[in-house]
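Worksheet: one structure, shown below.
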Amino acid sequence: MMDVDTAGAVAFAAELVRIRSVHEPAAGTAEAPVAKLVELRMRDFGWDPVVEEVAPGRPNVIAVLDGGGGPGTTLMLEGHTDVVTEGDRSSWSFDPYAADVVDGRLRGRGSADMKSGLAAMLYAAKAVVDAGAFPGRLVVAALVDEEGLMLGAKAFAASALAAEIDGVICGEPEAGEICAVSKGAIRLKAAFTGAMAHGAMPQHARNPLPVASAYLQAAQRVQEDLQREHGEHEHLGQVYLTPTVLSGGDVDQINVIPGEALVCLDVRTVPGVDHEALVQRLTDLAETFGADAGVTAEVTVVDDRPPVDTPTSHPMITALADAHQQVTGESAVFGGVPGATDGTILTAHAAIPSVVYGPGGKWIAHQADETVEVAEIETCARVYAVAALRYLHSEA
Ligand SMILES: [Zn+2]
């Protein structure tokens, strides 16, 4: 087997965790210091990464490694450099940025999501390069803003290089499961505008609140229809349309009928749900309810991320499954990603087949006391390396 410097990967993951790469404009923090560390490590490896600012202080770092073994496919290993905030520090039982190893676990914000995955990918790619010439290319990318609006992935998807990529492995924490499917997501705002009036004279009002209420109930019915139509996905469960914002009126002015109300929906879909048709249906409903009450409805899609459904027969995925088996001695377990990842964007915007596989528990991300098992980082680094070589050679 290839010689992967797993100790190096673990140490590098710890270095990354020590930097608080939360995108917090008020505090002036973002991904740049972590991106710099990634860039410098790539240069230490003898690579020549490209650093592209997607927004001020928010650079993508991308290395293209030509195998020198002739033409072939291009495989991308992708991770993100941002982390979510640690939140209330008193809910942590250790310093979220100490990045110490205790009882075989690397601890800290971003240890699982996903600085260990990113470190494992860098060291896996290094092992592949060190093992000699290979056909095709490896692309190692550390992108910004996965936890936000995925600006890094969107910028990359729009680049010329994206069109040349045949498959991408995203190193998000999935507990060693190979996740070829991810749920889709739509963030939708329905703004209802009527006419304000005195509470004593509702006949002069066009009250948006009952419209908002009817809309919420309609969304519930749409959810039931879609759940009936699509059933329970093996790895992704049900379709959900969850109301997350309902606002309108003023508690200090109960005698005032408000002119405006807002409903926001967090929609989570499975493969097979037509996002365009669904948004159209939700728009029509808002407009119909509004029209009946003389209220204008404006539906805005804030973000639209289609589901990912990469066939498990894709050679990148069979290579990953074979590599997992070879490295761990156990057969691969397939799963699904409940949220969206950078892979969602890369698949939706650039038609790159994506799969998610990385160290760390599925549910630990974004929680207090985030940790990752060191052994999992080591395993993933080896699996990435073996999978990359198998895939690049299989397609040659
Ligand atoms: Zn993540």
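Whatever order the structure lists them in is the order used to number ligands and atoms, beginning at 1.
- Between the side chains of Ser21 and Thr81, no donor-acceptor pair of N or O atoms lies under 3.5 Å.
- At least one donor-acceptor pair under 3.5 Å links the side chain of Arg109 to the backbone N or O of Thr85.
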Taking only distance into account, with no hydrogens and no angle test, what donor-acceptor pairs under 3.5 Å do side-chain atoms of residues 247-254 form with protein atoms, sequence neighbours excluded?
| unit_1 | atom_1 | unit_2 | atom_2 | d |
| --- | --- | --- | --- | --- |
| Asp250 | OD1 | Asp252 | N | 2.9 |

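- Ion pair Arg43/Asp48 flagged as a salt bridge, since at least one NZ, NE, NH1 or NH2 atom sits closer than 4.0 Å to an Asp/Glu carboxylate oxygen.
- Salt bridge present: Arg41 and Asp44 bring a charged side-chain N and a carboxylate O closer than 4.0 Å.
- Distances from the Zn ion (ligand 1) under 2.8 Å pick out these protein N/O/S atoms: His80 NE2, Asp113 OD1, Glu172 OE1, Glu172 OE2.
- Lys126 has its side chain out of reach of Asp5: every pair of non-hydrogen atoms, C-beta onward, lies at least 4.5 Å apart.
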